[in-house]
There are 2 protein chains.
Amino acid sequence: MRVTIYDVAREANVSLATVSRVLNNSPHVRESTRRRVQEAIDKLGFEPNLVASALMTKRTRLVALLVPDISNPFYAEVARGVEDAAAELGYNCVICNVGGDTAKQAEYVNVLRRKGIDGMIFGTANYDDKLVLDLSRGSYPLTLMARDVPAAEVNRVLVDDGAGGAMAARHLLELGHRRLAMVTEPGGIHSSQERARGFREALDEAARDGVEAVYLEAEGSDIAAGLAAGRRLLDMTPRPTAVFAANDLLAIGILQAAREADTRVPDDLSVVGFDGTVMADVTQPPLTTIVQPMRDMGKAAVRLLVETLQNGGEHQRIVMSPELRVAGTTAAYRPARPAAN
Amino acid sequence: MRVTIYDVAREANVSLATVSRVLNNSPHVRESTRRRVQEAIDKLGFEPNLVASALMTKRTRLVALLVPDISNPFYAEVARGVEDAAAELGYNCVICNVGGDTAKQAEYVNVLRRKGIDGMIFGTANYDDKLVLDLSRGSYPLTLMARDVPAAEVNRVLVDDGAGGAMAARHLLELGHRRLAMVTEPGGIHSSQERARGFREALDEAARDGVEAVYLEAEGSDIAAGLAAGRRLLDMTPRPTAVFAANDLLAIGILQAAREADTRVPDDLSVVGFDGTVMADVTQPPLTTIVQPMRDMGKAAVRLLVETLQNGGEHQRIVMSPELRVAGTTAAYRPARPAAN
DNA sequence: ACGGGCACCGAAACCGCTTTCATCCGCGCT
DNA sequence: AGCGCGGATGAAAGCGGTTTCGGTGCCCGT
């Protein structure tokens, strides 16, 4: 049987209450008794059972992170930030892969709450997520990551997707490209739409000198979808000279399509991605991309969550800025295509 | 105040004990009472507090996964498998990034135990990890992943690293390479040494026809370390025509070094990696590598853990086989280097 | 000398569930 | 009719802490 607070009390000749006070650094305990208790604790090697404590205090110091898929480098990077910050603040972090499955997500949330998890970070909410709305109404501590649910009363850590899209557009325009394409993620993925909006608006602003743009919706968010979209793109006439993909994986797929078609990147086609995961560093050439501060986003998410856990105050909203990282897949537009290589 | 088992008892006109029996599917309750209780539960929307239950049963249905870094694609993939299997078995999974820090790891283990985590999966043990040995002596449920601690009484899920190394060797020999190199991870990383051993032994076996091999220890396990090692490698005379790297990141670094040096892969240099992470798919050319069944390893690790959690039986040991995946970075040795391109 | 206030501490209730143990009841058997 | 038995149920004791509430003892002011 493990040593309990009771054993300590007896050893130190005090009551349970006093031991508990010492454990919790209550100010109302004489220095001499505190020392006596501490000695008993050390002598017996007592380690408080946090489950028991949680039953009374209703705090497990556990938070959950819900993501579509932890093996996706973007979420892995976010998770790293989350766990780092959580650990620093004395929390542990349970991870859940919910895929795209709403029912699964609800099930997770249910058991997590029963297990006493103090709060959650959603990296996976839909635009009008019913679950998030319900939780927020029940004032369960929440912070949303990267995806917003406008109607909910919760914390949020977002990235300015619109600004990111605009960065991509301006970068390509500055390189002299005038026939552009954008490949978006399918369906109602809000961030993808925002990126497209920012991209379009930045183009419109510069439209005086005849910029054309075509928008393609991919069938998925992964490399395969990017490959398919890339093929379609390269079949167009006239062909775009530059393309902006809503995430790195799509961009990588497009690189592969270009290689298939013997289209040289960046000579014949410039490509810009979005996210800035490690994957962008290992392509050849390395991918020019709009990078999100993934780790910092994760850290900020926990900080907000823990803040409301401890002070319960107003919900906060943090919007982070993405950054253009120019690498090898973008180059100045060259009007005359060189003779067949 | 949330509804408790006590409210249900009153509503259904039974005692707490009976409600508890219904909740736990105890056989000793008459069908009619079971139904009555169930109705009360539904009516009140009762959801059992698992913290309270854990206090009594000593089971939180929480397991922990300790890895050096979740943002490393290898561990992210493993984590995915772990979480999937855990969820299937009714467990949740807390993730910890321990880096290489032994003290940090001990600290994690300490608070996890206090929080009542049922068992742990170590993806991060050293060869003679003191902590693992202590835990195993205290018969705390454990399973080791990918890294072994021979002296410990625990479950383990391993990959046959030696066999993997041998596969790499045989593949390169079959392609006609005779001047080989291997780049290992630094220090006492057991798996890396095993891979080297398997590689060497397979070479020795075929050594009759004059095979040379050089072994290089990288300064780290990441791309940068691979790049540095690659540079050294390419400076050698005579230069190896094929290289086996102890992991994909090192291999990718070597590819980058080759590109710097205008050495064509696979024409002038064949490269084999180890792991089979997504990163191997996005290099150009895609990396030939020895793939580990990362997800399955994660799943198996949880299954063993949960098994000993529930039945407490003998500790098991599973050794999985890696597989050679031939992609674009390996090609037949061409004795005469073609004229300058 | 005496009342009031404060710092410190202990007794006991409590968090919400599980589990043991005793009780009760109905039934079959002799 | 009396007895033993087994299955269903309830009372109560935990699990290991936290927290409230009240009681000391001591110091201070008057």
Side-chain angles (χ1 to χ4, degrees), chain A residues 1-41 44-62 90 110-111 113-118 310, chain B residues 1-38 40-41 44-62 90 110-118 310:
Chain A
M1 186 61 51
R2 288 232 334 229
V3 22
T4 75
I5 197 176
Y6 186 80
D7 303 320
V8 175
R10 205 176 16 188
E11 175 76 25
N13 266 313
V14 295
S15 72
L16 304 194
T18 301
V19 179
S20 177
R21 289 194 189 97
V22 171
L23 291 178
N24 297 295
N25 293 314
S26 156
H28 299 296
V29 45
R30 199 183 320 183
E31 194 45 39
S32 61
T33 22
R34 179 186 304 280
R35 203 160 31 234
R36 197 147 41 92
V37 170
Q38 191 56 54
E39 275 162 15
I41 289 177
L44 300 180
F46 169 68
E47 301 195 324
N49 177 333
L50 297 183
V51 173
S53 139
L55 182 55
M56 196 67 199
T57 61
K58 313 236 165 288
R59 322 185 95 253
T60 54
R61 294 190 168 269
L62 249 28
N110 211 297
V111 21
R113 294 192 59 181
R114 298 218 295 268
K115 287 190 182 174
I117 271 61
D118 292 340
Q310 294 179 344
Chain B
M1 187 59 52
R2 288 233 333 232
V3 21
T4 76
I5 198 177
Y6 186 79
D7 303 319
V8 175
R10 206 175 14 185
E11 175 76 24
N13 265 314
V14 295
S15 73
L16 305 195
T18 301
V19 179
S20 177
R21 287 193 191 98
V22 171
L23 291 178
N24 298 295
N25 293 313
S26 157
H28 299 296
V29 45
R30 198 183 325 182
E31 193 46 40
S32 61
T33 20
R34 179 185 304 279
R35 203 162 29 238
R36 198 148 40 91
V37 170
Q38 191 56 55
I41 289 176
L44 300 180
F46 168 68
E47 301 195 325
N49 177 332
L50 297 183
V51 173
S53 139
L55 183 56
M56 197 68 202
T57 61
K58 313 241 166 284
R59 324 185 95 252
T60 54
R61 294 190 167 271
L62 249 28
N110 211 296
V111 21
L112 290 174
R113 295 191 59 180
R114 297 218 296 267
K115 287 190 182 175
I117 269 62
D118 292 339
Q310 294 179 344

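At whole-Å resolution of the value, CG in B:N13 and P in D:dT9 are 13 Å apart. To the nearest angstrom, C1' of D:dT19 lies 12 Å from CG of A:L16. Regarding A:R114, its CZ atom lies at a distance of 14 Å from the C1' atom of C:dG16, rounded to whole Å. Taking atom OH of residue B:Y6 and atom C1' of nucleotide D:dA12, one finds them 13 Å apart after rounding to whole Å. Atom-to-atom, CG of B:N25 to C1' of C:dT18 comes out at 14 Å; the value is rounded to the nearest Å. Following rounding to the nearest Å, A:E47 (CD) and D:dG17 (C1') show an atom-to-atom distance of 15 Å. Between the P atom of C:dC9 and the CZ atom of A:R21 lies a distance of 8 Å, rounded to the nearest Å. Rounding to whole angstrom units, CG of residue B:L23 and C1' of C:dG16 are separated by 11 Å.
Remark: B:N24 is in phosphate contact with C:dT18, judged by side-chain N or O atoms under 4.0 Å from OP1 or OP2. At the phosphate of C:dC15, neither OP1 nor OP2 sits under 4.0 Å from any side-chain N or O atom of A:T57. Between D:dA8 and B:H28, a contact under 4.0 Å exists linking OP1 or OP2 to a side-chain N or O. Look at B:T18 and you'll find a side-chain N or O under 4.0 angstrom from OP1 or OP2 of D:dG10. Contact between the side-chain N/O atoms of B:S53 and the OP1/OP2 oxygens of C:dC17 is not found at any separation under 4.0 Å. Between C:dT18 and B:K58, no contact under 4.0 Å exists linking OP1 or OP2 to a side-chain N or O. Between A:R2 and D:dG16, a side-chain N or O to OP1/OP2 separation shorter than 4.0 Å is absent. In terms of phosphate contacts, A:T4 brings no side-chain nitrogen or oxygen within less than 4.0 Å of OP1 or OP2 of D:dG16. Considering only side-chain N and O atoms, A:S20 lies nowhere under 4.0 angstrom from the phosphate OP1 or OP2 of D:dT19.
Nearer the 5' end of DNA chain D, as judged by each residue's closest nucleotide, is the contact made by B:R36, out of B:R36 and B:L55.
Proximity of B:V51 to B:T60: side-chain heavy atoms (C-beta onward) are nowhere separated by under 4.5 Å.
Interatomic distance, A:R21 CZ to A:R34 CZ, rounded to the nearest 0.5 Å: 11.0 Å. Separating the CZ atom in A:R10 from the CD1 atom in A:I5 is a distance of 13.0 Å, to the nearest 0.5 Å. If you take CG on B:D118 and CG on B:L112, they are separated by 11.5 Å, rounding to the nearest 0.5 Å.
When the nucleotides C:dC9, D:dG16, C:dG10 are ranked by their closest atom to the side chain of A:V14, C:dG10 comes out on top. Closest to the side chain of B:P48, from the set D:dG17, D:dA8, C:dC17, is C:dC17. For B:F46, counting side-chain heavy atoms from C-beta on, the closest listed nucleotide (C:dC17, C:dG10, D:dG16) is C:dC17. Distances were taken from every side-chain heavy atom of A:M56 (C-beta onward) to each of D:dC15, D:dG17, D:dA8; the shortest belongs to D:dG17.
Salt bridge absent: A:E39 and A:R36 never bring a charged side-chain N and a carboxylate O closer than 4.0 Å.
A:V19 comes within contact range of no nucleotide atom at all, as no heavy-atom separation falls under 4.0 Å.
A donor-acceptor contact shorter than 3.5 Å is absent between the side chain of B:D7 and the backbone of B:V3.
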